[in-house]
Protein chains: 2
Amino acid sequence: MANVRLQDVAELAGVSMKTVSNVVHQYPHVSPSMRARVEAAISELGYRPNASARRLATGRTGMLSLAFSDVSLPYFAELARIIAHLASARGYRLLLEQTDGTIESERAIISTREAGLVDGVIFQPSRMPSMEISKRRADVPLVLLGEGPAPLSVDHVMIDNEAAAIQATSHLVAAGRTRIGFVGHEEFDQSVTSLQRLRGFQLALDAAGLTVDMSLVVPSAAISAKDAADAMRRALADGRVFDGLVCRDDLAAIGALRALQEHGLRVPEDVAVVGWDDISMAAFTHPSLTTVAPDTTQIATMALDMLEERIGGYTGLGRHRIADYSFVVRESAPSD
Amino acid sequence: MANVRLQDVAELAGVSMKTVSNVVHQYPHVSPSMRARVEAAISELGYRPNASARRLATGRTGMLSLAFSDVSLPYFAELARIIAHLASARGYRLLLEQTDGTIESERAIISTREAGLVDGVIFQPSRMPSMEISKRRADVPLVLLGEGPAPLSVDHVMIDNEAAAIQATSHLVAAGRTRIGFVGHEEFDQSVTSLQRLRGFQLALDAAGLTVDMSLVVPSAAISAKDAADAMRRALADGRVFDGLVCRDDLAAIGALRALQEHGLRVPEDVAVVGWDDISMAAFTHPSLTTVAPDTTQIATMALDMLEERIGGYTGLGRHRIADYSFVVRESAPSD
DNA sequence: TTGAAAGCGCTAACAA
DNA sequence: TTGTTAGCGCTTTCAA
């Protein structure tokens, strides 16, 4: 019962394995009577093709792996949802790999110890230097997500973080804010993501003739609402005064919102807050978040397109695609 | 370069495939010189074992699939994170399957069309009747999550939803609330989860001598903050008056918070709100959420334990395990 | 249109 | 301790 083979079906139907295979694969040139006979045998035996055997024979696994630090971060969860859907529409299943942002786990992603596990990998590194990524063996097709300075040899999808950070910061400047802080980047080992956003932040302030006050730049122990809230609580207790806040991501913004409210500050009246990612919760915080909204569907589509081209045999220099983003204005930092 | 086989390594090293295999598997009884020679050959050739071939030979895939409606729901994302970690510690990788809560997708999960894809399945159904689940072919080990009345033939992990709902409701009653509503269950095709929570809600009100006012039971178009907020907005616009709210989950609570605030009501002064799931955001809403906190680590551990027993050959009646939960009191519904 | 047979790369039982 | 070899179940030329 458990192990019905293609061969068993063939024997019961009195045909060859090839014929059964043709039926299973909907191969058009099979006479209706053959097909009927084979299908009867299939359902009588309860036959199901064995995925491992098929994979060994074809060399294709029909699986992609999706690797990033942590699925429980809303941005990644929402991205995973989209990628899983789009991948499934293209006939792939998704393997979930969490790195927890450790360099060891990220290395393990890059240097797959097993061949033939997945057909391709979509990977958003957080710690790994691009030099190291570029030195990997080009065994399995890889597309990088996120904002690292991607090595020339690898395909890559990102949004223009610097431009978006400039827009977010300028939005606060335009609203007349002058004591604008930045919250939520890692305290040590900053991810490239954070660095690019910080850079845009600084460029925008410079352009507005405001100098960056380093005491208003508040790093966080880790990427989470809790750590951002803790960092902001300390900064506020320390007497620092903000009237605007660019947050590294929406989680940091949510933590900051909490710390500001505990400190008796009103958002946006006293402090305007801008987040990043437009996670679904951003519309439901109190106040709702003005935020940078990467076009995640486009990111996922670009990544899958390039991955499929690689899987299809394309070899060539790494392509760098820039995905769109929009700037969503809500209550935490209105336009005026 | 791409296709180095075990055999190639064996030839280069001048040994048999078995010896190479022994080395690859860390088999202890290999002479050091052999080991060294083989390892040299492995790295010279850049050999990596082929996962598909290994799986075909052993019949084990080392993969589990995790199926539920939607990873972007925080509860599922957080659960997925934990399960992925624990599974990985046990040597399994995780395949992500989203059903979107459609019955067709749930059927596809239950009746795996391919054999040998995964060693086991962890599945939280939302629509599927338990009768149908029990009729499935017992091909691949399955553990059910969540609160359905699980068929006797299948392993199952859940928390006692009814008891938790009673506790949540009683908490509001004890604080003197009398116009207690329920928000966020599906409007049609209620999941068993919702029904059990509603039942506990009703039992607690009955026990307190309060009758359930059906106009305070506010269903939502779907499980999301947005739909719950919309439903609550309509209820409030309709003139319904609440002083307490048991929410089907934290997302519903977040939506409700939003609607209440827009309506000028204060939480908890005017309306006390209790959520469910204790998603990480629950500590950062404004006000923070009092909520039922299922012990997700325990849920994941129980599920994996039972799954591994099944994979290991255990056959027997389905076991039903009840996991712990706690009731976390925060600002949205304080103790007094 | 259908059949026969040679792999795909690895494991594991059995020998040596 | 190491070698031989027969599968695992499917795909895929090449024939018929």
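Chain letters run A, B, ... following the sequence lines, proteins first, then strands; residues in each count from 1.
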Tell me, with the steps shown, if B:Ser105 and B:Thr102 meet side-chain contact (heavy atoms from CB on, under 4.5 Å).
CA-CA 5 Å; B:Ser105 311; B:Thr102 65; 2.6 Å; yes
To the nearest Å, how far apart are A:Leu6 CG and C:dA4 C1'?
14 Å
Answer yes or no: does a side-chain N or O of B:Tyr47 lie under 4.0 Å from OP1 or OP2 of C:dC10?
yes
What is the nucleic acid contact for B:Met34, judged by heavy atoms within less than 4.0 Å: base, sugar-phosphate only, or nothing?
sugar-phosphate
Out of D:dC10, D:dG9, C:dT11, whichever nucleotide has its closest atom nearest the side chain of A:Met17
D:dC10
Do we see a donor-acceptor contact under 3.5 Å between the side chains of B:Ser280 and B:Glu78?
yes
Side chains of B:Asp70 and B:Ser72: do they bring a donor and an acceptor to under 3.5 Å?
yes
No-hydrogen, no-angle side-chain donor-acceptor test under 3.5 Å, B:Asp100 and B:Ser69:
no
Whether A:Ser31 contacts C:dT2 is assessed here as follows: a side-chain N or O lying under 4.0 Å from the phosphate OP1 or OP2. Is that the case?
yes
Take the protein atom CD of B:Gln7 and the nucleotide atom C1' of C:dA12, then report the distance between them rounded to whole Å.
16 Å
Rounded to the nearest Å, what distance is computed from the CD atom of residue A:Glu114 to the P atom of nucleotide C:dC8?
20 Å
Residue met sooner reading DNA chain D from 5', once A:Arg48 and B:Gly14 are mapped to nucleotides:
B:Gly14
Ignoring backbone atoms, establish whether B:Ser52 has a side-chain N or O less than 4.0 Å from OP1 or OP2 of C:dC8.
no
Of C:dA13, D:dG7, D:dT11, the nucleotide closest to the side chain of B:Lys18 is C:dA13
Rounded interatomic separation in angstrom, taking CD from B:Glu11 and P from C:dG9:
13 Å
Phosphate contact (C:dC10 OP1 or OP2) by B:Ser21 side-chain N/O below 4.0 Å
no
Phosphate oxygens OP1/OP2 of C:dC10: is one of them under 4.0 Å from a side-chain N or O of B:Thr58?
no
Separation of D:dC10 atom P from B:Leu117 atom CG, nearest Å, is 14 Å
Consider the side chain of B:Asn22, meaning its heavy atoms from C-beta on, and name the nucleotide among C:dG3, D:dC10, D:dT2 that approaches it most closely.
D:dT2
Take the protein atom NE2 of A:His25 and the nucleotide atom C1' of D:dC10, then report the distance between them rounded to whole Å.
8 Å
Establish, for the pair A:Arg319 and A:Tyr314, whether the NZ or CZ atom is under 6.0 angstrom from the six-membered ring centre and no further than 45 degrees off its axis.
yes
Could you tell me the separation between the CZ atom of A:Arg54 and the C1' atom of D:dG9, rounded to a whole number of Å?
10 Å
Below 4.0 angstrom from OP1 or OP2 of C:dG3, is there any side-chain N or O of A:Ser16?
yes
How long is the line joining CG of B:Leu56 and C1' of C:dA12, in whole Å?
13 Å
